[in-house]
Amino acid sequence: MIDYKALQQQYEIEVYPMRDVVFVKGKGARLWDDQGNEYIDLSAGISVANIGHCNDKVVDAITNQASTLITCANTFYNDKKALFLEKLFSIAPKNMKKAFLTNSGTEAIEGAIKFARYTTKKAKFIAAMKGFHGRTMGALSATFKSEYREGFEPLVPGFTFVPYNNFEKLSEAVDNDTAGIILELVQGEGGINIGKKEYFQNVRKLCDEKGIILIIDEIQTGFCRTGKMFAIEHYDIEADMMTLAKSIAGGFPMGAILCSEKIKMEKSKHGSTFGGNPLACAAGIAAIDFMLKNKLWEQAERKGNYFKEKLSKYALSKVREIRQIGLMIGIELKDKSQPVIVELLKKGIVTLPGGTTVLRLLPPLVISYEELDIAIEKIAEVLV
Ligand SMILES: *Cc1c(COP(=O)(O)O)cnc(C)c1O
């Protein structure tokens with residue numbers, strides 16, 4: 001048998017903190033390794049497989065499109081892109097009018113930074129401590145964690161960080177050269193920190209008063225994860241730009257920047273070779289259709305509440321707090337989360353870290369109650 005782990009170790013540059021398993025197959029909320037072991041996936045590839053691994057509709061869409069047209073330069077019109085955009089705007093907040101399509105989340109953030117500068121003719125940005133927006137230079141400049149930034153400076157100048165959910169500190173950081181404010185509604189990577197409604201409403205007002213572009217990063221919270229199609233629906237505010245990616249196309253790489261009428265761009269000022277390619281768009285149409293047909297946001301809300309209620313019945317001595325909105329769950333531990341993640345993996349449960357002490361759970365939203373029950377039992381065994 002081929003030692004895939006050794007092979008990968010030989011050739012892949014070591015940027016990822018690896019987990020000791022080789023996944024070869026997935027379906028719904030299940031994964032299988034190369035030894036034939038079965039796992040329940042509470043990570044969904046970091047909130048990518050919201051509609052489940054190898055969703056039948058997405059598999060069909062990709063298969064059909066692959067034999068029809070795989071690539072199309074963005075200077076030509078394309079049937080699948082037109083239909084995908086129509087589908088995306090059928091679910092987008094009503095003030096969103098135009099989109100730019102990308103291949104990933106970090107590219108969506110990158111574009112949003114450019115669009116905000118171009119629109120406002122101002123240079124600076126404010127982002128939140130513990131926020132995560134990606135790894136390319138612009139997005140990294142908006143990302144707080146020093147471990148990710150160190151060794152790569154100088155980053156893009158003009159970024160300031162303020163404590164999350166603290167409006168006073170944020171308003172103090174604004175000046176006449178502030179182009180944009182970039183925030184997640186629920187900080188994912190930072191440990192499932194849920195934004196306060198009042199905070200975001202104040203941020204919106206401040207942006208209106210000062211002519212600042214409000215960029216809401218829904219890359220992790222979007223597409224039914226928090227119990228709404230988009231998390232912004234919990235907040236009664238409008239964004240000027242929204243960045244999307246992760247589960248937008250059922251696991252196929254894709255991202256988008258949604259723009260309100262405020263955003264001004266001109267021909268030849270931005271672009272991408274692969275962004276919005278026919279395969280991604282076909283997968284995206286199928287993914288969004290599946291979410292709508294199955295009212296996936298309702299499932300996320302019900303299953304998330306069920307999970308928290310049931311897990312909370314155990315006397316979990318290792319747990320400080322459970323934070324949950326839909327199926328976006330952070331279990332704050334009294335100690336480091338890494339050993340717990342390793343132990344759970346041995347028990348066939350795939351979980352994620354969120355900061356050093358948070359066990360982050362982002363299961364496929366199609367996970368069954370039976371699978372949730374098994375997962376809850378195993379998690380309780382490890383955390384009592
Ligand atoms: C994952 C993530 C990104 C980066 O997306 P990539 O596709 O990995 O580049 C940006 N913002 C948030 C909130 C994310 O969760």
Side-chain angles (χ1 to χ4, degrees), residues 15-17 43-50 100-116 125-145 147-149 152 155-156 159 161 164-165 180-195 200 214-226 230-232 234-235 239 241-258 272 274-277 280 283-284 287 323 325-330 351-355 358 360-363 365:
V15 295
Y16 298 108
S43 73
I46 319 188
S47 203
V48 171
N50 283 10
F100 180 83
L101 301 178
T102 70
N103 307 285
S104 66
T106 199
E107 274 178 85
I109 295 290
E110 216 59 41
I113 290 168
K114 285 178 71 179
F115 292 7
F125 291 87
I126 300 169
M129 291 172 181
K130 295 192 181 177
F132 180 84
H133 302 288
R135 306 287 203 145
T136 53
M137 278 297 181
L140 183 60
S141 305
T143 291
F144 179 67
K145 207 171 174 181
E147 187 193 344
Y148 296 164
R149 300 165 59 93
F152 303 111
L155 300 177
V156 178
F159 284 77
F161 295 95
Y164 191 60
N165 270 336
I181 295 175
I182 306 179
L183 294 167
E184 295 159 272
L185 295 162
V186 181
Q187 292 185 320
E189 178 93 10
I192 315 293
N193 307 311
I194 300 171
F200 276 96
L214 178 57
I215 302 166
I216 294 293
D217 183 349
E218 288 243 31
I219 291 170
Q220 193 162 144
T221 51
F223 299 103
C224 309
R225 172 60 55 195
T226 69
F230 295 105
I232 198 164
H234 292 289
Y235 290 85
M241 275 188 272
M242 246 168 72
T243 52
L244 307 173
K246 293 213 157 88
S247 61
I248 188 169
F252 199 86
M254 191 182 208
I257 312 166
L258 301 184
S272 162
F274 290 127
N277 66 78
R323 297 188 285 274
I325 178 164
L327 271 173
M328 195 165 186
I329 301 160
T351 60
L352 291 164
V358 175
R360 179 169 45 143
L361 308 178
L362 304 163
L365 310 178

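What's counted below: heavy atoms across the whole structure, side chains too, no hydrogens, waters or symmetry copies. Whatever order the structure lists them in is the order used to number ligands and atoms, beginning at 1.
Under a 4.0 Å heavy-atom criterion, Asp217 is in contact with ligand 1. Using a 4.0 Å heavy-atom cutoff, Glu184 is listed among the residues neighbouring ligand 1.
Scanning the protein heavy atoms around atom 2 (C) of ligand 1, the nearest turns out to be Lys246 NZ, 2.5 Å.
For Phe200 against Gly195, the heavy-atom pair with the smallest separation is CE1-CA, 3.7 Å. Nearest heavy-atom pair across Ala142 and Ile182 is CB-CD1, 4.0 Å. The heavy-atom pair separating Tyr148 from Glu189 by the smallest distance is OH-OE2, 2.6 Å.
Thr221 and Thr226 are not linked by any side-chain donor-acceptor pair at a separation below 3.5 angstrom, with hydrogens and angles left out of the test.
For ligand 1, one of its N or O atoms has an N or O atom of Gly105 under 3.5 Å away. At least one N or O atom of Gln220, backbone or side chain, sits closer than 3.5 Å to an N or O atom of ligand 1.
When the heavy atoms of Ile46, Thr106, Thr221 are ranked by distance to atom 4 (C) of ligand 1, first place goes to Thr106.
The presence of a protein heavy atom under 4.0 Å from atom 9 (O) of ligand 1 is confirmed.
No side-chain heavy atom of Leu365 sits under 4.5 Å from any side-chain heavy atom of Phe223.
In the displayed structure, Phe161 atom CZ is contacted under 6.0 Å by more than 12 heavy atoms of other residues, nucleotides or ligands.
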